[in-house]
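To start, the structure itself, in structure tokens.
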2 protein chains.
Amino acid sequence: MLNGKGEQFRISTQTSEIILKAAAEYNYFPNRIARGLRLEKTETIGLIVPDIANQFFSSMAKTIEIESRKNGYSIFLCDSLDNISTEKELLNLLAARKVDGIILAPVGTGSDHINEFSKNGIPVVIIDRYLPDTKIPYITTDNYLGACQAMEHILAMGHRVVACIQGLNGISANEDRVRGYKDTLNNNSIAVDNSLIVGDDFGEETGYVQAKLLMKRNNPPTAIFALSNLISLGAMRAISESGLKIPDDISLVSFDDQPYSALLASPMTTVEQEKDEIAVRAVNILLERITGAKDERVIEKIMIKPKLIIRKSVREM
Amino acid sequence: MLNGKGEQFRISTQTSEIILKAAAEYNYFPNRIARGLRLEKTETIGLIVPDIANQFFSSMAKTIEIESRKNGYSIFLCDSLDNISTEKELLNLLAARKVDGIILAPVGTGSDHINEFSKNGIPVVIIDRYLPDTKIPYITTDNYLGACQAMEHILAMGHRVVACIQGLNGISANEDRVRGYKDTLNNNSIAVDNSLIVGDDFGEETGYVQAKLLMKRNNPPTAIFALSNLISLGAMRAISESGLKIPDDISLVSFDDQPYSALLASPMTTVEQEKDEIAVRAVNILLERITGAKDERVIEKIMIKPKLIIRKSVREM
DNA sequence: TTATTTCGCACAATCGTTTGTTCTATGACA
DNA sequence: TGTCATAGAACAAACGATTGTGCGAAATAA
């Protein structure tokens, strides 16, 4: 096998040149599997997202992949299908593959399996959502603030009956947004009507079904606050099917700005999340933990401010 | 290390039970790195796409990941950034990581580096585009047919000056679509005006810039055929900025149906590609090559029929 | 009871790289 | 000229799983 190693730590002036030439000539690349076995590090990061087909996650995946590659790491992509037992399997799979670290957008509300997992020594960084009682660093949008911004706008436009179609109950991103929704109503002296808070996951179907139900109410809301891009997509479909127009008949504000948001039938007012910043910082925090560059007792808990993009999907009452 | 292997080929009735219990108890998972080194297979597939943030590719990535995982394979996700030298690097990286196979949505027009690469024994399957003079299997949409369907519709609606904003020149997907555009014009006795064929990549910016230029022409087109979802997004932005309406002022048809296509200001008529089918079959063809289940002299060259979804973005003239 | 067969386990080699140790040869200094 | 220091190269061990080989014990048959 010759000694293609000489290149690095014992530079023998002549030999190294010969070696380098030969290496180039035969297109030699070190076997990273063997390297991984010997070094007990694979320069590999596992990425688990609930739905890679969702633009929100695929945008972040892109940035994460690029930022990781810059640092010599490759990405194992895993889609948990928004299914908690799949997520558990994937964590074990990634552990068996000896990834150096994991970036996880967790699925469910329970954090036990993640806490348990993080004890095995593989660093984990959580994005998008956070787990309240863990020592796992996270980086998310300040969802509470985002919801407040959106609701302040809706109320400032004169709406008084505002529904909220929420995502998966119990997870931080959802709870913080709902809390922002409620607090803003209260701060504006509007009683919270819990029957106007509907929905139970972030998918398109939830938006569709719940919007239909909302519109059938005796006292339908004049505005809907959709807590994800897919929910608003479903709500738009329902509204469109009912022959109603946004914002003339009903107003809509969505979480997550999208490339097409400005180009919809009614350009959508959205809460934009800093996806790139979340992604880049998640990678960097993880790399710090992997390399041990930072005191691991410091648990980063970062919330990035979102930005309300006001377009034309909210009617002035 | 005990012998956790007994489980498989020499079942010692008592011992195996003990082992299995112990394995479960200590939460033992075989080290896949060591396994990979010994077996010279990693149960790993490399996936290279030009832009994972593009819904078209992220949808396929999702299906590819799920289908691969079903078969015990994990996915190395790589984004080539639509950059050919990045693509070359990624191929070498994946080779060094000893992936068992690669699914590649190639970037450029040249196929030399891919031909060269495929000689090293790692099976490659190409999606979305194909390389004319190679022995590499591919599976794509029948882009020619899709373009013909779209153009037939546009012409049937009475348009006579139809522009085409194309993507990356030279690659099969683009050339086939342009050929469909031209042939359909010819078949309908309309002379092809080459100055109406503009653009040079699949990005949003191309759509924006070229649509602006097209609208400034002395004899502007009454319809635009956009050869990708991003191009149509850019074109919509340009049209919207110009204060024009689709389809009243200008008609637009796009390749690639999107979740939001029906919900746009003007519900978009699109050519829908069977992304899931392409993804599933790509995985299966690759797995057949990896396992040697199929005669490798058979080079699959598969074109999936697209479907024209007629909505309301084309005006009847 | 002895011989033979078979079953099951222990042991060793292997994959390709890294890294620590040993060995040889060269050059310098006394 | 002899000794020592050191550079450079050869060698060996290790990472953890797989897999072939060899050996011991048990079981069956003579």
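This one's a predicted model, so the numbers in the text were calculated from it and none came from an experiment. So that the names make sense, note that chain A is the first sequence line, chain B the second, and so on, each numbered from 1. Below, each value reflects all heavy atoms present in this structure, side chains not excepted, and no hydrogens, waters or symmetry copies.
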Margin query: Between the base of dT18(D) and the side chain of Arg35(B), is there a donor and acceptor pair under 3.5 angstrom?
Written below: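 By the distance-only test, no, there is no pair.
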
Less than 4.0 Å between a side-chain N and a carboxylate O, is that true for [Y] and [X]?
X         : Y         : value
Lys294(B) : Glu300(B) : yes
Lys62(A)  : Glu65(A)  : no
Lys98(A)  : Glu40(A)  : no
Asp100(A) : Lys41(A)  : no

Please report the distance, rounded to the nearest Å, between [atom1] in [X] and [atom2] in [N].
X        : N       : atom1 : atom2 : answer
Lys98(B) : dA17(D) : NZ    : P     : 21 Å
Leu37(A) : dC15(D) : CG    : P     : 9 Å
Lys41(B) : dT19(D) : NZ    : P     : 8 Å
Arg38(B) : dC15(C) : CZ    : P     : 8 Å
Asn31(A) : dG16(D) : CG    : C1'   : 15 Å
Ile33(A) : dG16(C) : CD1   : P     : 12 Å
Glu40(A) : dG16(D) : CD    : C1'   : 9 Å

Next item on the list: Among dT18(C), dG16(D), dT17(C), find the nucleotide with the atom closest to the side chain of Leu39(A).
Entry: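 Out of dT18(C), dG16(D), dT17(C), the nucleotide with an atom closest to Leu39(A)'s side chain is dT18(C).
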
Check: If only side-chain N and O atoms of Tyr28(A) are considered, is one of them under 4.0 Å from the OP1 or OP2 phosphate oxygen of dG16(C)?
Finding: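 Indeed not, no polar side-chain atom of Tyr28(A) lies that close.
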
